[in-house]
Amino acid sequence: MKPNWLIAVPRPLRTLLTYSSHLIEQPIQAGCRVIVPLGHSRSLGLAIAEAPPSDQENYALKPIHTVVDETPLLDEHLLGLLQWAARYYHHPIGDVIFTALPVALRDGNVLPDNTLWRVISQTDAALKLKRAKRQHALYQALIEQPEREWNAAALRHVAGSNWREYVQGLIEKGLLESYLPSQTQYSDYALQTAPKLELNEAQQTCLAQCRKWNQSDTLQPILLQGVTGSGKTEVYLRLIEDQLAAKRQTLVLVPEIGLTPQLLQRFIQHFPHQTIVCLHSGLNDTERLNAWLQSRSGEASIILGTRSAVFTPCAALGLILVDEEHDGSLKQQEGFRYHARDLAIKRAALLRIPILLGTATPALETLHNAERGRYHHTHLLQRANHAQPPRFEVQDIRGHVLQAGLSHHSLQAIRATLERQEQVMIFINRRGFAPVLLCPNCGWQAMCEACDTQMTFHAHKSRLICHHCSADRLTDNHCPACHHPQLQTQGLGTERIELNLRQHFPDTPVIRIDRDTTSRKGALQQRLEMVQKHEHLILVGTQMLAKGHDFPNLTLVVVLEADQSLFSAEYHALERFGQLITQVAGRAGRAQKMGQVILQTTQPHHPLLLTLLEQGYTVFAKQLLNERQRWRFPPFSYQALIRADALTMEDALNTLQQFHDLLAECPEVQLFGPIPAPLEKRAHRYRAQLLLQCTRRDQRHHYLQFLTSKEKNIRNPKGVRWSIDVDPVELT
DNA sequence: AGCACGCCGACT
DNA sequence: GTCGGCGTGCTC
């Protein structure tokens, strides 16, 4: 008797479906895709496990139609992780399983035959061909070198700074088929020289601790808290070396695509002979599939990726590193709302392999776990190379006239820094020219038609853009309400700061780095290169600048309007504020050059601000944790947010009220709401939320389970959509 | 999410 | 008399 199988199908179902395998000749393996009849048509599905034998008659079961894959796409561990995640996040299993697959393997619901498998085989073949070509090209480029091994720095030595011309010459002479990895994302970084650093004493101690912990039988996640510039990456590199020596892979998760080139460059320089693959949103489907296949086969020894990379199958995974573990972008904010850091921890636990979380500013829940002894905790407190920590200065701007958004004092400091041939960074977390465009005559404001918010004025193309739905329209200077000929802007954005600074310092290059100037492929890299070229310049940018980038000649950071979050109603805002300020400040000063940070604020005496600046992030964070404990907020309680959106606020609230009523009598659940979301209307839809809070994790799980079991009983007015967000980090 | 079934309004 | 609107309910 052939076994029945549990199959995940890409539908919003919270259960697996059982199919018979009696039409299939070969034994089925878990992790293979199958084609199954579903309703009145066919669908792609993924085989999860054999169904436990049951008394039920099998006559009702439909048969699996085809097995698509010869070898499983996902291994047992990953299947386990994904099923765990579907339960933990109360998200439909099929959706969870299929978001873990690369898009190239996800589509084509109804397939008459094995077309998909053929696509994969061709890709595999194309991949091998491409690699062979590249290796041939490299061999030719370096054929005169005594050792015929390719090293990232080698070509630089052969060709010097004119390497592009050199390679072009080789191509013209027919000695080289094409540029070396020129089309691949790591072309330009590979050719910079790599100084191999000795570990300083602190790094050595830290590394030794990590190694000791990683060899223990009882593995715990390690929190590596290292101030900016303390050389966390060097520790990562040695830990990866350990894995390479043991022929094991390392998975490295980074919060955003912007950070991958930096780290990738370090990895390539350090491990020029290893296959390193990247998985991030900038790849097309084929590139992503290739990287995924290389990781699955074990050919890639280092896998670097953003949050969805946590699901990448690895033939021999030995270590997971989560860089900037506090970063909010590790949490998926739509659909299957998972936290990549938390899933990475779970994955490491299932595999019984070590995991290391690195950051200068741990998330409060991580710090709490470390304090409670659930995580190991190691520190790198000193900047490497004897660099001094930056000097903070609170600039009270109440009653001050600002020029270009900057106080007189800030402008003086900028001028002095530029005169020393050093670089300045102006940080403001708002892109565009100004957040408000209004009529001085009648008070009209440019509002988004789809959202409950003002539109941001972008001077560049004289457009109004909604930062919530990306709606976009031209504007002239006339008020559409009263025809007044001169609209006014109010407030500051990066564009305006850039323009003002250009006028103020006409002889200094001003470079703006935000999403608008870096959306083109390679634009960020190009701008970062400009920063390397110029000795003195002014950088203007958003939080993109706060993360990871190394600017050796930058000595002054001016932070504008950061104190907004001191008044935010959201309890996460303060935590993020502390992290952002600390990260931004970390950009200032290196080696012998003392860094200076000026914070312009209207709240110079705010106690938490002073704690942060005078006693540092950890003390600040512990104070916030005390607050959280007093108010029984996470991590001292467990939350889930049920969100709903609809064509009217009434409908959205009504749906949530039904959820509310289901739990109203439960003493173990605290309910807040339903209430309209802080941003009431977004993209023509009205949004509401219901917050659910329990003192124990298992209670939360139990009640969410209860709610989803009653899903069918909820009467949704037309067009209502709702979803569950477990461990929410943003309440917008 | 699809997809079909089903029960009421304007069409050749 | 039918075509089709999208509300409702199911998918092993």
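Convention: sequence-line order gives letters A, B, ...; per-chain numbering from 1.
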Notebook entry, point to check: Can you tell me how far P of C:dG7 sits from CG of A:Asp651, to the nearest Å?
Noted result: 12 Å
Item checked: Aromatic ring proximity, centroids under 6.0 angstrom, A:Tyr338 and A:Phe311 -> yes
Margin query: Run the side-chain hydrogen bond (donor to acceptor under 3.5 Å, both in side chains) test on A:Gln658 and A:Asn654 for me, step by step, so that the C-alpha distance in whole Å, both residues' side-chain angles and the decisive distance to 0.1 Å come before the verdict.
Written below: CA-CA 7 Å; A:Gln658 296 176 61; A:Asn654 179 288; 3.0 Å; yes
Check: To the nearest Å, how far apart are A:Glu50 CD and C:dC12 C1'?
Finding: 16 Å
Margin query: Can you measure A:Glu711 atom CD to B:dA1 atom P for me and round it to whole angstrom units?
Written below: 11 Å
Check: How many Å lie between CD1 on A:Ile97 and P on B:dA1, as a whole number?
Finding: 19 Å
Next item on the list: Would you kindly give the CG-to-C1' distance between A:Leu38 and B:dG2, to the nearest whole Å?
Entry: 9 Å
Check: Got more than 12 heavy atoms from elsewhere within 6.0 Å of CD, A:Gln333?
Finding: yes
Notebook entry, point to check: In terms of side-chain heavy atoms of A:His40, which of B:dA1, B:dC3, C:dT11 is nearest?
Noted result: B:dC3
Next item on the list: Using only side-chain N and O atoms of A:Lys718, determine if any of them is under 4.0 Å from OP1 or OP2 of C:dG7.
Entry: no
Check: Rounded to the nearest Å, what distance is computed from the CZ atom of residue A:Arg11 to the P atom of nucleotide C:dT11?
Finding: 13 Å
Next item on the list: Calculate the interatomic distance between A:His65 atom NE2 and C:dT11 atom P; express it in whole Å.
Entry: 21 Å
Check: The side chain of A:Leu13 lies closest to which of these nucleotides: B:dA1, C:dT11, B:dC3?
Finding: C:dT11
Next item on the list: Please tell me which of the listed nucleotides, C:dT8, C:dC12, C:dT11, lies nearest to the side chain of A:Arg715?
Entry: C:dT8
Next item on the list: Kindly assign one of parallel, tilted or perpendicular to the pair A:His90 and A:His701, based on the angle between their ring planes and the thresholds 30° and 60°.
Entry: tilted
Item checked: Shortest side-chain distance from A:Tyr19, nucleotide among C:dC12, B:dC3, C:dT11 -> C:dC12
Check: Got a salt bridge between A:Arg628 and A:Glu575, using NZ or NE/NH1/NH2 to carboxylate O under 4.0 Å?
Finding: yes
Check: Which one, B:dC3, C:dC12, B:dA1, comes nearest to the side chain of A:Ser41?
Finding: B:dC3
Check: To the nearest Å, how far apart are A:Asn713 CG and C:dT8 P?
Finding: 14 Å
